[in-house]
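So the structure is just underneath, and the comments pick up after that.
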Amino acid sequence: YQERNFGKSFGMLIDELTTRRIDDEVIDVRACTWSIHALDALRRFDVVVERCISQTQALAAVRLFEAAGVPCVNASEVIDICGDKLRTSLALARAGVPTPRVHVALDEPSALQAIEDMGYPCVLKPVTGSWGRLLARVNDRDAAEALTARRLPGTEVLPLFARLSAAEQHRVFRRSSSGRRIILATN
């Protein structure tokens with residue numbers, strides 16, 4: 001592997017596998033082709049640890065390995081949930097994980113109402129997407145109207161995070177009293 005292509009955390013993972021004398025093979029899915037009618041070749045792997053930067057590529061590759069019966073970390077269902085901010089927020093809330101306030105709005109008037117209900121400043125995020133694309137901090141009503149009026153194809157307005165005080169942030173992201181660590185995967 002080359003760190004510039006795969007990142008430092010990936011290198012740390014490979015180093016740990018080497019230290020533990022665990023055989024590994026790095027697969028760059030961008031260079032692979034697979035036939036859905038010949039998945040037997042994938043069964044030579046005991047497990048797949050998915051580390052793709054692209055959610056689309058990760059999901060496709062993992063679904064192929066799962067179809068061949070190979071356990072995957074992360075599973076396709078996890079990738080699906082983490083790639084959708086609404087599904088992620090719902091799963092965290094259902095599991096009792098403290099989360100910032102989330103309001104969902106699917107059209108311009110309800111988006112403006114959700115922003116007003118949450119208060120300024122507030123952050124708007126589309127339901128899907130990563131790397132901060134289409135993320136917008138909204139400081140006032142004029143900015144909210146300008147942002148919600150943009151008709152972006154295939155994009156729903158999802159005001160995700162409202163302003164949180166330092167105390168609220170600490171409460172949301174602190175370790176639980178049981179000593180368990182909370183690890184969140186977001187996209």
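Here the structure is a predicted model, which is why all the values come from computation and not from measurement.
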| Closest approach of Arg30 and Gln57, non-hydrogen atoms and distance? | CG-OE1, 3.5 Å
| query | For the atom pair SG (Cys122) and CD (Glu116), what is the distance rounded to the nearest 0.5 Å? | reply | 9.5 Å
| said: Just so I know, are the side chains of Cys32 and Ile27 near enough to count as touching, which here means a heavy-atom distance under 4.5 Å? | reply: yes
| Closest heavy-atom contact between Ala68 and Leu42? | CB-CB, 3.9 Å
| So Arg63 and Asp80, salt bridge (Lys or Arg N to Asp or Glu O under 4.0 Å) or not? Walk me through it. | CA-CA 11 Å; Arg63 283 183 175 154; Asp80 267 340; 3.1 Å; yes
| field | Verify same cluster id: Phe65, Ile36 (apolar side-chain graph, 4.5 Å) | value | yes
| request: Calculate, to the nearest 0.5 Å, the distance between atoms CG and CD belonging to Leu39 and Glu66 respectively. | output: 12.0 Å
| note | Heavy atoms of Ile81 and Ala91 approach each other most closely as CG2-CB, 4.2 Å
| Between Val102 and Ser89, what is the shortest heavy-atom contact and its length? | CG2-OG, 3.8 Å
| message | Counting C-beta onward and ignoring hydrogens, is there a side-chain heavy-atom pair between Asp24 and Phe45 closer than 4.5 Å? | response | no
| remark: To the nearest 0.5 Å, atom CD of Glu145 lies from atom CD1 of Ile115 at 9.5 Å
| field | Contact summary for Ala61 and Val29, nearest pair of heavy atoms | value | CB-CG1, 3.7 Å
| message | Quick test of your reading of the model: are Arg44 and Glu25 salt-bridged, counting only N-O distances below 4.0 Å? | response | yes
| query | Which residues satisfy the side chain to side chain contact (heavy atoms under 4.5 Å, CB included) test with Leu90, sequence neighbours excluded? | reply | Leu86, Arg94
| Given Leu112 and Arg141, is the side-chain contact (heavy atoms from CB on, under 4.5 Å) satisfied, shown in steps? | CA-CA 8 Å; Leu112 289 171; Arg141 178 73 184 202; 3.9 Å; yes
| Taking Arg101 for the side chain and Met118 for the main chain, is one N or O donor matched with an acceptor at less than 3.5 Å? | yes
| query | Of all heavy-atom pairs between Asn139 and Pro121, which one has the smallest distance, and what is that distance? | reply | OD1-CB, 3.4 Å
| note | With sequence neighbours left out, the residues meeting side chain to side chain contact (heavy atoms under 4.5 Å, CB included) with Ala58 are Glu50, Cys52, Ile79
| said: Checking Asp140 now: which residues fulfil side-chain hydrogen bond (donor to acceptor under 3.5 Å, both in side chains) with it, not counting sequence neighbours? | reply: none
| Hydrophobic cluster identity match, Leu17 and Val26, side-chain contacts under 4.5 Å | yes
